[in-house]
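Notes to accompany the following structure.
In what follows, every chain begins at residue 1, and chains take the letters A, B, ... in the order their sequences are listed.
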Amino acid sequence: MAQQELEVIEGMDVAEKKVAITPTREIWKRFRRHRMGMAGLIIVFLIVVVAMLAPFIAPYDPLEVKFEDSLKSPSLKHPFGTDLLGRDVLSRIIYGSRVSIQVGVIAVAISLIIGLILGLVAGFFGSWIDVIIMRLVDITYAFPFLLFAIAIMTILGPGFINVFIAIGIINWAWFARVVRGSVLSAREQEYVLAARALGASSTRIMFKHIMPNIVAPVIVGAALNSGYAILAEAALSFLGIGVQPPDPSWGLMLSDARSYISNAPWMTLYPGLAISITVLGFILLGNGIRDAIDPRLKI
Amino acid sequence: MARFIIKRLSQFLPVIIGITFITFMLLYLVPGDPARIVAGRNATPEMLKAIRHDLGLDLPWYQQYFNYLWKLIHGDFGNSYRFRRPVIDILLDDAPKTARLAFMAIVIETIIGILAGVISAVKKYSFWDTLITLAALAGTSIPIYWLGIMLQYFFGLKLGLLPISGYGGFSYMILPSIALASSSTALVALMTRSSFLEVYQQDFVTTARAKGLPERRVIFVHVLRNAMIPVITVIGLDLASLMGGAILTETVFSWPGIGSTIFQAILMRDVPVVLGGTLFLAIVFVVINFIVDIFYALFDPRIRLEA
């Protein structure tokens, strides 16, 4: 109780200094106190920095083949060891973060855009349009995610861009469902009714009153989905139908490492850790934002 | 109840037709001429034309789709390019092996996931809660094939306790099913925790306690029973990720199920097997969910009324 009072007083103090307490600021304040969320933010931030600065940080060229350094165990010279072709595992992991971050951003952006549009249309117009879009969502959900991605990749053929497309055209269903749900629940709110009674146009109601309700779940979903998209890319590359050699992708590195698990376990250990930590970072970040915005949000 | 079943069927059938349409379109769009693959390299143009006619490849796409659907209804999923035998026979040979792994994984995720979730919820904000929550979040982030390879390394290579890979009895199933169950177990634990905490605050729980029931009875009978509904949904839906995961775990552990068959087919560009296998697993998944839904409605009248 005393704690709460203290916060109120602090809040008044801030108000006196003419700093407005905006909702965004409130959310950031709550997020900062969320330890796991902050941990996620720091992990994601660091990985983005590593991906951007890869050429400056990586100690070696990730593609440089040196047969005399084949399968060297971790040492000062090669902290994470080398692979069969004598390539530095640490440098490959650093460059591999570029693939993962791009998948996390681009693949999710594709699915977000498709899902947002179809979800808005379904939720706002209802009737038969809604039925058709929701059936499409159900059909997309009927396939096990990885299997569907594999099926699409067999048609598109392996490659970096195709991974984005495959993940993007499966994941849209998730966004569509969440956006539609938010639109439907927002439409029933009293303030929307009030706005309509005051004579606000459909467009105004859509953008002014309904859109803000969609932002929260979409941001949370984007963070979580980035994690799962990265996991999916790694799995596709591991199976040999994702990113192709010699590009350094973490999943591809794991697939190369499989045959050398007994004499070069470091080739398996580090890329796997890199994937796990990155995905965990995005999931923690997503959960943290969700808790800061609205802990009751069901995502 | 009949109304509920009819309503569910009206959602179920379009989904099944939609899945078949998507696999058909993928098959139709795949680069390469199936007639050439069947005929072999030395086929003359006349032979190709004849084969195309026999396979119905010279028909317009919608007629080809209806033929495809007609064959599916009769259990014909096409023929494997590589094995020259019906895809459905290959899948049915493999299915029991995949089912064995999936069953073990479900047992693991149900027991360990629910137990961990309950401990986490009952000891909310304690050391154990933090540990379990962190472990569960890590569990959803770890690639299952990587976990599989690491398990092979430690328990197979280093400690020599369990067979590294291959098909066999119980000891062969332990590592692959742990790997397969890992992310699902984590999800079940997280779901149990949040669902348990939600039910825990409700009035009937306070009533049960006020009646003087021992805490153990309150937790295991009153709370757990009500908290299980969303958890069971998660376990049901999870079959999809188990089937996707089967490709990875079966490949890593050389377990000869549907997953490794699909993986081999990807490598060999045996398209009918890849798409037939995908379709087969998707149908299995949708049918299981349909049955789960019906069971739900049988046990919980609220769901029946909502429909």
* Asked: Which bit of A:Y141 is near chain B, if near means a heavy-atom gap under 4.5 Å: side chain, backbone, both or neither?
  -> backbone
* To do: Go through the steps for B:F127 and B:T130 under the test side chain to side chain contact (heavy atoms under 4.5 Å, CB included), then give the verdict.
  => CA-CA 5 Å; B:F127 167 75; B:T130 314; 5.8 Å; no
* Asked: So which of B:T133, B:T251, B:V286 has the biggest tally of heavy-atom pairs under 4.5 Å with chain A?
  -> B:T251
* To do: Please test B:L137 against B:L190 for side chain to side chain contact (heavy atoms under 4.5 Å, CB included), starting from the C-alpha separation and ending with a verdict.
  => CA-CA 8 Å; B:L137 288 173; B:L190 292 172; 4.0 Å; yes
* Structure fact -> Assert top hit (heavy-atom pairs under 4.5 Å, partner chain A, pool B:L26, B:L27, B:L29) equals B:L26
* Structure fact -> Honestly, the part of A:M134 sitting under 4.5 Å from a heavy atom of chain B is neither
* Structure fact -> Residue from B:Y153, B:Y145, B:F263 scoring the most non-hydrogen pairs under 4.5 Å with chain A is B:Y145
* Look at atom CZ of B:F155 and say whether more than 12 heavy atoms of other residues, nucleotides or ligands are closer to it than 6.0 Å. => no
* **Winner by heavy-atom pair count (cut-off under 4.5 Å) against chain A, out of B:G156, B:P143, B:G259** => B:P143
* For B:L157, is it the side chain, the backbone, both or neither that has a heavy atom under 4.5 Å from a heavy atom of chain A? -> side chain
* Side chain / backbone / both / neither for B:L242 at chain A, heavy atoms under 4.5 Å -> neither
* To do: Tell me, out of B:N289, B:L279, B:I142, who's got the most heavy-atom pairs with chain A below 4.5 Å.
  => B:I142
* Under 4.5 Å, counting heavy-atom pairs only, tell me which of B:V274, B:L134, B:I19 racks up the most with chain A. => B:I19
* Asked: Taking A:L239, A:L284, A:I277 one by one, which has the highest count of heavy-atom pairs under 4.5 Å against chain B?
  -> A:L239
* Asked: Can you tell me if B:Y65 and B:T20 form a side-chain donor-acceptor pair at under 3.5 Å?
  -> yes
* Structure fact -> Per-residue tally against chain B (heavy atom, under 4.5 Å) across A:L146, A:L156, A:T278 peaks at A:L146
* With only heavy atoms counted, which part of A:L273 is less than 4.5 Å from chain B, the side chain, the backbone, both or neither? -> both
* **Between A:P265, A:G227, A:G281, A:S262, the one whose heavy-atom pairs under 4.5 Å with chain B are most numerous** => A:P265
* Does any heavy atom of chain A fall under 4.5 Å from the side chain of B:S194, the backbone, both, or neither of them? -> neither
* Take A:F143 and B:T278 through the test side chain to side chain contact (heavy atoms under 4.5 Å, CB included) and record every step on the way to the result. => CA-CA 8 Å; A:F143 289 96; B:T278 307; 3.8 Å; yes
* From A:I261 atom CD1 to B:I164 atom CD1, the distance as rounded to the nearest 0.5 Å -> 9.5 Å
* Structure fact -> Correct closest heavy-atom pair for B:W255 and B:K97 would be NE1-O, 3.0 Å
* Is it the backbone or the side chain of B:V15 that comes under 4.5 Å from a heavy atom of chain A, or both, or neither? -> both
* To do: Ignoring hydrogens and angles, tell me if any N or O in the side chain of A:E233 forms a donor-acceptor pair with the backbone of A:L231 under 3.5 Å.
  => no
* To do: Report yes or no: does A:S226 contribute a side-chain atom to a donor-acceptor pair with the main-chain N or O of A:G104 at less than 3.5 Å?
  => yes
* **Top contributor to chain B contacts, counting heavy-atom pairs under 4.5 Å, from A:P271, A:G240, A:G272** => A:G272
* **Test item: B:R193 side-chain N/O and B:A121 main-chain N/O as donor-acceptor pair under 3.5 Å** => no
* Considering only heavy atoms and a distance below 4.5 Å, find which of A:A257, A:A235, A:A149 pairs most often with chain B. => A:A235
* By a 4.5 Å heavy-atom criterion (distance strictly below it), what part of A:I283 contacts chain B: side chain, backbone, both, or neither? -> side chain
* **Proximal component of B:L275, with respect to chain A [non-hydrogen, under 4.5 Å]** => side chain
* **Heavy-atom proximity to chain A below 4.5 Å, by part of B:I144** => neither
* Using the side chain to side chain contact (heavy atoms under 4.5 Å, CB included) rule, take B:V252 and B:Q152 through it: C-alpha gap first, then chi angles, then the decisive distance, then the call. => CA-CA 9 Å; B:V252 166; B:Q152 284 178 320; 3.6 Å; yes
* To do: For the residue pair A:F31 and A:H34, categorise the inter-ring angle as parallel (less than 30°), tilted (30 to 60°) or perpendicular (more than 60°).
  => parallel
* Asked: Checking A:F145 against chain B: side chain, backbone, both or neither under 4.5 Å from a heavy atom?
  -> neither
* Short question: side chain of B:S182, backbone of B:G139 - any donor-acceptor pair under 3.5 Å? -> no
* To do: Below 4.5 Å from any heavy atom of chain B, which atoms of A:L269 appear? Answer side chain, backbone, both or neither.
  => both
* Before giving the answer on salt bridge (Lys or Arg N to Asp or Glu O under 4.0 Å), spell out for A:R177 and A:D138 the whole-Å C-alpha distance, their side-chain angles and the decisive distance to 0.1 Å. => CA-CA 9 Å; A:R177 182 178 278 185; A:D138 286 345; 3.4 Å; yes
